[in-house]
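First comes the structure, then the notes that go with it.
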Amino acid sequence: MKYAPQRLHAIRGELLHFVADPADQGATSTEHLPDGVLLIENGHITECGPADALLSRLPAHIPVTDYRGKLIMPGFVDTHIHYAQTDIIGSYGEQLLAWLEKYTFPTERRFADPAHAAEVAGFFCDELLKNGTTTAMAFATVHPTSVDALFEAAQQRHMRMIAGKVLMDRNCPDFLADTAETGYADSKALIEKWHERDRLLYAVTPRFAPTSSREQMTLAGRLFAEHPGVYLQSHVAENRGEVAWVTELYPEARSYLDVYDRYHQLGVRSVYAHCIWLDDADRQRMADTGATMSFCPTSNLFLGSGLFDLDRAHQLGVRVGIGTDVGGGTSFSMLQALNEAYKVLQLNGQQLSAERAFYLATLGGARSLYLDDRIGNFKLGKEADFVVIDPAATPLLARRMAHTRTLAERLFVIMTLGDDRCIAATHLLGERAYVAQS
């Protein structure tokens, strides 16, 4: 479904976006207009500036959507999420490997049914938009129908979605196993069908090293190399029991990450969730190859996996984005993911400023997915995906906001007390894709 171009229109409100990482450039990384205007044409930003300057020279017939009193930011970028796990979010009492056996595998079995996959995919995309997420990198299931359903739902809404069929040919139930050959063939067909169709991008998706044979890992690396521009997504070093299992399965590898490296799965546009139990050699290898870490704080806490080391990743130059990791993660809200990220880093003896948190959820996420030429801030020519945040969405927020003095304080209150109730509207390519019920 092609996007229908729209005439020139303007969006007015408090604008905030980032041009660099606040950890590197401090205050100069942030551009803030207390009363600003975005000019949008054909889904792209043509200008961004102070309202008094821009509105005075706009022709009277140009429509203006007025969001004064609200904070407008680039749409959130979720770098790791499982759409098929929507219905098991908030399931009690397990760590990673038991979680897969008890909850994940039985739930994913149902996605062989196209009708079920389509229903969940529609709900999933709507929930992302309700939470201000405009770009997501998502796991489907082993079934090609699950990929079709997700891409169709995203395409109908004009969302930017990166997704792929799970590759899994061992250490899983028979009802979810593919083979190295069928996984390769199905993935290749899906790449040809969906990759770079409208705003959709494909990711080669080995679930994680323990559930793929050496042959399947070889073919996953081949798919990644054979199709320039595709992504690769997987998991690494989430849980200590998982790390020990990988050591048994791949004794020839120096580390868990080295398994992927041996099968040519590290590189630009390869994204690995969790990355907790890595050493500096692993982190440096990710930096050198251009691979990305997805920091998933809510699921890391919920599944008792461990604490992510953001400072060391940054020191070594690794790209990092934020992932909600639903359904191990307990909320679709990137605001809640940032809330939990702050706590993870506190426990790890590190600090996360509000400015840097929102950078990671916007431009940082875009950079981690190599999409910052298209999304992530309000620079000229970018796709006009943005979220409208109500800083007084609840009585508690309104009361707390009355006691803030700076932008940093306001942002911190939003990320600690905020959730989907703060999202007044979400726009895709300039057009309203979600609006909160008044």
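Every value quoted in this text rests on a predicted model; they were computed, and no experiment measured them. The first residue of the sequence shown is numbered 1, and numbering continues consecutively from there.
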Could you walk me through whether Arg374 and Arg199 pass the side chain to side chain contact (heavy atoms under 4.5 Å, CB included) test, one step at a time?
CA-CA 11 Å; Arg374 289 178 258 186; Arg199 307 185 79 199; over 6 Å; no
From CA spacing to verdict: ring-ring contact (aromatic ring centres under 6.0 Å, His included), Tyr202, Trp194:
CA-CA 7 Å; Tyr202 195 84; Trp194 290 111; 9.7 Å; no
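Between Glu431 and Arg157 there is no salt bridge, since none of the side-chain N atoms of the basic residue sits less than 4.0 Å from a carboxylate O of the acidic one. Salt bridge Arg262/Glu252: absent, no basic N to carboxylate O contact under 4.0 Å. Between Asp21 and Arg367, none of the side-chain N atoms (NZ, or NE/NH1/NH2) sits under 4.0 Å from a carboxylate O, so this pair counts as no salt bridge. Using a 4.0 Å cut-off between charged side-chain N and carboxylate O, Lys379 and Glu47 make no salt bridge. Between Arg254 and Asp282, at least one side-chain nitrogen of the basic residue sits less than 4.0 Å from a carboxylate oxygen of the acidic one, meeting the salt-bridge criterion.
Side-chain contact annotation: Thr79 with Ser294, donor-acceptor N/O pair under 3.5 Å present. Thr182 and Thr179 share a donor-acceptor pair across their side chains, judged by distance under 3.5 Å alone. Counted by atom type alone, Tyr370 and Arg319 present one or more donor-acceptor pairs between their side chains at under 3.5 Å. Checked by atom type, the side-chain pair Asp198/His158 shows no donor-acceptor distance below 3.5 Å. In summary, the side chains of His427 and Tyr67 do present a donor paired with an acceptor at a separation below 3.5 Å, with no hydrogens or angles considered. Between the side chains of Glu127 and Tyr83, no donor-acceptor pair of N or O atoms lies under 3.5 Å. Side-chain N/O atoms of Thr205 and Gln233 include a donor and acceptor closer than 3.5 Å. A donor-acceptor pair shorter than 3.5 Å can be found between the side chains of Ser213 and Asp169.
Aromatic ring pairs are classed by plane angle as parallel below 30°, tilted from 30° to 60° and perpendicular above 60°; the pair Phe139 and His82 is tilted. Note on ring orientation: taking the six-membered ring where Trp is involved, the planes of Phe208 and Trp245 are perpendicular (angle over 60°, cut-offs 30° and 60°).
At least one donor-acceptor pair under 3.5 Å links the side chain of Trp277 to the backbone N or O of Ser305. Ser146 places no side-chain N or O within 3.5 Å of a backbone atom of Ala117 that could act as its donor or acceptor partner. In terms of modelled atom types and a separation under 3.5 Å, the side chain of Arg109 and the main chain of Phe105 share no donor-acceptor contact.
Considering only residues two or more places apart in sequence or on other chains, His314 meets the ring pair (Phe, Tyr, Trp, His ring centres under 6.0 Å) condition with none of them. Shown here are the side-chain hydrogen bond (donor to acceptor under 3.5 Å, both in side chains) partners of Asp309, two or more places apart in sequence or in another chain: Gln350.
Shortest non-hydrogen contact noted between Ser187 and Leu223 is CB-CD1, 3.6 Å.
Side-chain contact between Leu369 and Arg269: absent, with no pair of heavy atoms (C-beta onward) separated by less than 4.5 Å.
Phe175 has its ring centre no less than 6.0 Å from the ring centre of His143.
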